[in-house]
Amino acid sequence: MAELVKKVHYIFDKECSCREVLDKALALGPDGIVQELVDSGLRGRGGAGFLTGIKWKLAKEQQETPKYVICNADEGEPGTFKDRKILEEVPCKVLAGMALCGYTIGAKEGIIYLRGEYSYMRHELQQQIFQFTKEILGPLGLDFKISIFMGAGAYVCGEETALIESIEGERGEPRNKPPFPVQNGLFRKPTVVNNVETFASVMTVFRMGAKKYKNLGTKDQRGSKLISVSGDTPRPGVYEIELGMKLADFVREFGDGDTKAVLVGGYSGFCVPETHFETAVIGEGRPTGAAILLFNHKRSMYRVLHNILEFFAEESCGQCTPCRVGYQQLLKGIEAVKKGEKSEEYLNSLLNLTETMKITAKCGLGQSAPNFFKSIVENYREEIVY
Amino acid sequence: MTETLVHELVEKYGRKRSSLLPILQEIVRRESYLTPQAIIEVAKELDLSATEVYGVATFYSFLDVQPRGEYKIRICKSLTCDAKNKAILDELEKLLKIKVGGTTLDRRFSLLMTNCIGQCDHAPAMLVNEEVYTDITPEKVREIINYYKHKKI
């Protein structure tokens, strides 16, 4: 198999000593750490893509105490499993990234919010935390305590403010932003919430230096990035790559020779039909989520769309009307068109509805509607109708 | 019974509002689901209204408020698994003599569908309580069910 996608090996590189990287980073002091992160161009790997260095800087500047560091391990986007692999293979890097964040912003407590579906790895992770605390934090004299908080099966808790509500013992409903968690987070105190991969990437930055890190990837997505490949592919798995590849090359390497469409960015991402494979580049322009799902010609795109809509209708937290009612109506709508109870033009009304959801829904869950819906309905209209 | 358990858990996790989820999670782990009595007890201990506790519980799909069996089987239904889980589902329905959403008469198993469990590289996948099973086949399903049928509770 020709290697068309540019792979790199940093995050899963076990030769990297967390202790050495931490030593190197800590020597820079809080201001130096922030500067290095800003220079690296590292963006949050959870999906929203906020600059990590700026987030840490804002939290550092807050006067209020105590402050908190939260690692978002509520990896719920269907088709995403990279964080699972990081936590299973290189948990030390995540813990070290969290500790470094704690040192930088002045937090003494870190919490890993682990999704309920990953309960099976809790015990092992707890052991890793124990070992890390004893062997690395202790000798460094860092006062930082890490604990695990278990999720209980709610996709929306991957949204940072919903996650915070959940830890506080509430329904996981997103808060209004601003204020952002860096000012007003867990228990209304300054909080940094970063994704698992972000913390691990912080270690890559300090190991190789900001300059070198910045040269990896594209201008929209600096550094290395993990992708989770699944669907109709003979080579599913997690790959660390430099973004900026043509989708056609990706399909040649990962497809099963019969690829019909690719869903880039998981359920909340975009569907690219085969006619666009040559022109689409992953990592430029559109936001790049971690999940890439391939579909072959045996798939019914109606079934794909139905599955995605059902997912969002179930996972909507119900707090805001556009999302709660919107997804239910979209689901009922495509069913009615399929059955012939509504005419084909009704799809246009549904498309308008997704635009309304985009501008009126409170969080990303509802705002994602037009991404996948539009790209599937416009490219596979016939399959949806007949 | 329920009263003793709730009291024990409140002592363990504390009476803060942020103890609510861990308490509910452990009740579900030990008793399979949250009975109305358990919800009322937790509310009393944490000085909350029962509706408040029920509202939180029903938000999370793993905090079951419906009667469930000892072992909750959750089959992943997201797109990668969706293309591969038909035979698994048929086998489970046949073995357990229940449909999705049902619980066996002996209260040992419940059969449920769930959204992506993050094992797409080893589809089809399912959870039995907190254990994860990947690359499952009808044969593997028979072994798994057999194991849990004979496992001492």
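Only a predicted model underlies this, so the values are computations on that prediction, with no experimental measurement involved. The sequence lines fix the lettering, A, B, ..., with proteins before strands; numbering per chain opens at 1.
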- Under 4.5 Å from a heavy atom of chain B, the part of A:L294 involved: neither

- Query: Hey, what do you get for OH (A:Y267) to OG (B:S78), rounding to the nearest 0.5 Å?
  - Reply: 4.0 Å

- Message: I need the residue from A:A154, A:C157, A:G237, A:P78 with the largest number of non-hydrogen atom pairs under 4.5 Å to chain B.
- Response: A:P78

- Task: Calculate, to the nearest 0.5 Å, the distance between atoms SG and OH belonging to B:C116 and A:Y155 respectively.
- Result: 10.5 Å

- Note on the structure: Note: vs chain B, highest number of non-hydrogen pairs under 4.5 angstrom among A:M150, A:E310, A:E77 is A:M150

- Item | Distance in Å, A:R299 CZ paired with B:D82 CG, rounded so as to fall on 0.5 Å steps | 6.5 Å

- Task: Please flag which part of A:E314 lies under 4.5 Å from any non-hydrogen atom of chain B: side chain, backbone, both or neither.
- Result: side chain

- Over all heavy atoms of both residues, which pair between B:C120 and A:G79 is shortest? Give the atoms and the distance, please. SG-CA, 3.6 Å

- Query: Checking B:K16 against chain A: side chain, backbone, both or neither under 4.5 Å from a heavy atom?
  - Reply: neither

- Message: Can a donor-acceptor pair be found, under 3.5 Å and without considering hydrogens, that links the side chain of A:E117 to the backbone of B:G118?
- Response: no

- Query: Just wondering, are more than 12 heavy atoms of other shown residues or ligands nearer than 6.0 Å to CG in B:D106?
  - Reply: yes

- Message: Strictly distance-based, threshold 3.5 Å: is any side-chain N or O of B:Q25 a donor or acceptor partner for the main-chain N or O of A:G151?
- Response: yes

- Minimal heavy-atom distance between B:T80 and A:G231, with the atoms involved, is OG1-N, 3.1 Å

- Note on the structure: So OH of A:Y120 and CD of B:Q119: to nearest 0.5 Å the spacing works out to 4.0 Å

- Message: Is it the case that atom CD in A:E88 sees more than 12 heavy atoms from other parts of the structure closer than 6.0 Å?
- Response: yes

- Task: Using non-hydrogen atoms and a 4.5 Å limit, figure out which bit of A:L293 sits close to chain B: side chain, backbone, both or neither.
- Result: side chain

- Message: Using a 4.5 angstrom heavy-atom cutoff, name the option from B:V132, B:L20, B:L127, B:I23 with the most pairs to chain A.
- Response: B:V132

- Side chain from CB out, backbone as N, CA, C, O: work out which of these in B:L79 comes under 4.5 Å of a heavy atom of chain A, or both, or neither. both

- Relative to chain B, which segment of A:S228 carries a heavy atom at a distance below 4.5 Å: side chain, backbone, both, or neither? neither

- In terms of heavy-atom pairs under 4.5 Å with chain B, the winner among A:K298, A:K82, A:E75, A:R115 is A:R115

- Query: Just wondering, do A:R171 and B:E52 contact through their side chains at under 4.5 Å, heavy atoms?
  - Reply: no

- Item | Close approach to chain A in residues 56-66 of chain B, criterion heavy atom under 4.5 Å | B:V56, B:T58, B:F59, B:Y60, B:S61, B:F62, B:L63

- At what distance, to the nearest 0.5 angstrom, does CG of B:N115 lie from CG of A:N307? 8.0 Å

- Heavy-atom neighbours of A:K108 NZ exceed 12 at 6.0 Å: no

- Message: Please determine whether salt bridge (charged side-chain N to carboxylate O under 4.0 Å, His left out) holds for the pair B:D121 and A:K85, giving the CA-CA distance in whole Å, both sets of side-chain angles, and the decisive distance to 0.1 Å.
- Response: CA-CA 11 Å; B:D121 48 345; A:K85 201 160 175 215; over 6 Å; no

- Item | Heavy-atom neighbours of A:R303 CZ exceed 12 at 6.0 Å | no

- Query: With a 4.5 angstrom heavy-atom cut-off, which part of A:V156 approaches chain B: side chain, backbone, both or neither?
  - Reply: side chain

- Query: Are the side chain of B:S18 and the backbone N or O of A:E168 linked by a donor-acceptor pair below 3.5 Å?
  - Reply: no

- From B:E130 CD over to A:R122 CZ, what is the distance, rounded to the nearest 0.5 angstrom? 8.0 Å

- Query: Picking from A:G116, A:G172, A:S119, which has the most non-hydrogen pairs under 4.5 angstrom with chain B?
  - Reply: A:G172

- Item | A:F149 atom CZ: more than 12 heavy-atom contacts under 6.0 Å | yes

- Item | Among B:R74, B:K84, B:K77, residue most engaged with chain A (heavy-atom pairs, under 4.5 Å) | B:K77

- Does A:H297 NE2 have over 12 foreign heavy atoms under 6.0 Å away? yes

- Message: Can you confirm whether A:K7 is buried at NZ, in the sense that more than 12 heavy atoms of other residues, nucleotides or ligands lie under 6.0 Å from that atom?
- Response: yes

